[in-house]
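Data block below; observations after.
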Amino acid sequence: MIKIYAPASIGNIGVGFDILGAAIKPINGYFLGDLITIKLSQNFQLNNRGIFSNQLPINNQHNIVWKCWSKFCKKIKKNIPVSIILEKNLPIGSGLGSSACSIVATLVAINEIFNTPLNSKELLLLMGEVEGEISGGIHYDNVAPSYLGGIQLILEDYNIISQKIPHFKNWFWIIAWPGIKLSTAEARKILPNNYTRDICIKNSRYLASFIHASYTNQSNLAAKYMQEFIAEPYRSKLLPNFLKNKEKIKKLGAISCGISGSGPTIFAISENIKIAQKISLWLTKNYLQNDTGFVHICYIDTKGARKIG
Ligand code: HSE
């Protein structure tokens, strides 16, 4: 029996739409991600547990886990039955890489129990393929960090899909999920097909400046360039009072604030734990729309998917 954990992630990190993503872990040690327990069996079985298992499809063949298993078997041209327990700890459509978590944990677990027929690049390609089918477009900025940890820059070259870039060890990432669902496929559909030359240049300038600041250890410069012109201007209306809240969070001392993935989760960054706690409290009081919502203060999760127990 093997148990695999895959952490939550922030896609886009306020800059680098579809090409930057960060794996996160709460500083209090809470497992913010999905867990898969797997063993070989007579036929395919799937049991769902966890706080958000009530959001999963009733028919297991519509579950991402089943999709991953059937795609994996097709890929290795062998049908190997397994029994799986999915512990769904992340809400679906939250902007925290919920589908990526299930995909990564499941594919890593299946690969392990089958004695690793796929190498990590083949596995990541398969993760991207499944994610693309679910969200309406292949994007690796959740699956790559959830699988490999850290902040990942998506190169998407056939030989190198993704590589880790340096991150600021003293940054606290505060995330707030308001308790409502937003479909990534829908949030991708509303984006324009074309952008002006000005926007393309600005976007390149901000991304390049952020990467430069990360490699030269200039934290304030990096935070300043965490701004996004491809998705945020169009998606901000999908989140409860996003622009007003962002302003308030910055006033509380955040050095950066943005939409996590396609939303509705908001993230904010501070280098100071006291400010991080203040922002966390404010978000709990003002951003959560019901009592399923949550706020966590996180670090970057440098490990990614891993065996537990
Ligand atoms: N880059 C993706 C998007 C992330 O913004 O659509 C989704 O979590």
Side-chain angles (χ1 to χ4, degrees), residues 6-24 32-34 52 55 64 88-105 124 127-156 161-163 165 173 175-178 180-195 199 203-204 206-207 210-211 226-239 242 246 256-267 296 298 300-301 304-305:
S9 56
I10 298 174
N12 309 332
I13 64 168
V15 62
F17 177 75
D18 271 4
I19 53 176
L20 280 176
I24 49 167
L32 188 65
D34 291 350
F52 293 104
Q55 297 184 352
I64 292 175
K88 190 74 203 150
N89 294 329
L90 272 189
I92 294 171
S94 55
L96 287 166
S98 171
S99 57
C101 260
S102 294
I103 294 167
V104 170
L124 188 50
M127 289 167 182
E129 196 183 310
V130 183
E131 176 82 309
E133 283 176 20
I134 292 163
S135 66
I138 292 188
H139 59 95
Y140 289 93
D141 53 329
N142 290 114
V143 284
S146 185
Y147 178 32
L148 302 166
I151 295 187
Q152 294 285 331
L153 172 67
I154 311 306
L155 309 177
E156 221 172 322
I161 310 238
S162 164
Q163 280 192 354
I165 64 161
W173 299 67
I175 54 105
W177 174 59
I180 53 176
K181 189 177 166 176
L182 193 57
S183 132
T184 299
E186 294 302 316
R188 289 180 83 80
K189 258 194 223 151
I190 64 161
L191 302 182
N193 289 324
N194 300 298
Y195 293 87
I199 292 293
N203 190 56
S204 311
Y206 274 69
L207 176 60
F210 175 79
I211 301 285
M226 290 173 86
Q227 286 184 56
E228 203 297 306
F229 311 98
I230 303 292
E232 194 178 294
Y234 307 95
R235 287 177 172 170
S236 58
K237 60 174 185 287
L238 304 177
L239 281 70
F242 175 70
K246 183 173 174 172
S256 179
C257 174
I259 301 174
S260 175
S262 53
T265 294
I266 285 183
F267 75 90
H296 286 287
C298 302
I300 292 295
D301 181 316

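Count residues from 1 along the sequence. Read the numbers this way: they start at 1 and go in the same order the structure lists the ligands and their atoms. Just so it is clear, the values below take in all heavy atoms, side chains as well, and ignore hydrogens, waters and symmetry mates.
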Does Y195 reach the main-chain N or O of I230 with its side chain, forming a donor-acceptor pair under 3.5 Å?
-> yes
Residue portion contacting ligand 1 (non-hydrogen atoms closer than 4.0 Å) for D141 = side chain
Are F229 and Y206 an aromatic pair by the rule of ring centers under 6.0 Å?
-> yes
May I ask you to decide if L32's main-chain N or O and N89's side chain share a donor-acceptor pair within less than 3.5 Å?
-> no
Which atoms of ligand 1 have any heavy atom of D18 under 4.0 Å away?
-> 1 (N), 2 (C), 3 (C)
Taking atom types as modelled and ignoring hydrogens, do the side chains of T184 and S262 form a donor-acceptor contact shorter than 3.5 angstrom?
-> yes
Interfacing atoms of ligand 1 (cut-off 4.0 Å, heavy-atom, S262) = 7 (C), 8 (O)
Numbered in order shown, the ligand 1 atoms found under 4.0 Å of a heavy atom of N12 are 1 (N), 2 (C), 3 (C), 5 (O)
The one among L96, N142, L182 that brings a heavy atom closest to atom 4 (C) of ligand 1 = N142
Here the atoms of ligand 1 under 4.0 Å from any heavy atom belonging to R235 are 3 (C), 5 (O), 6 (O)
What are the atoms of ligand 1, with element, lying closer than 4.0 Å to any heavy atom of R188?
-> 1 (N), 2 (C), 3 (C), 6 (O)
Should the pair K246-E232 be classified as a salt bridge under the 4.0 Å nitrogen-to-oxygen rule?
-> yes
Under the 3.5 angstrom rule, does the side chain of K88 hit a backbone N or O of S98 as a donor-acceptor pair?
-> yes
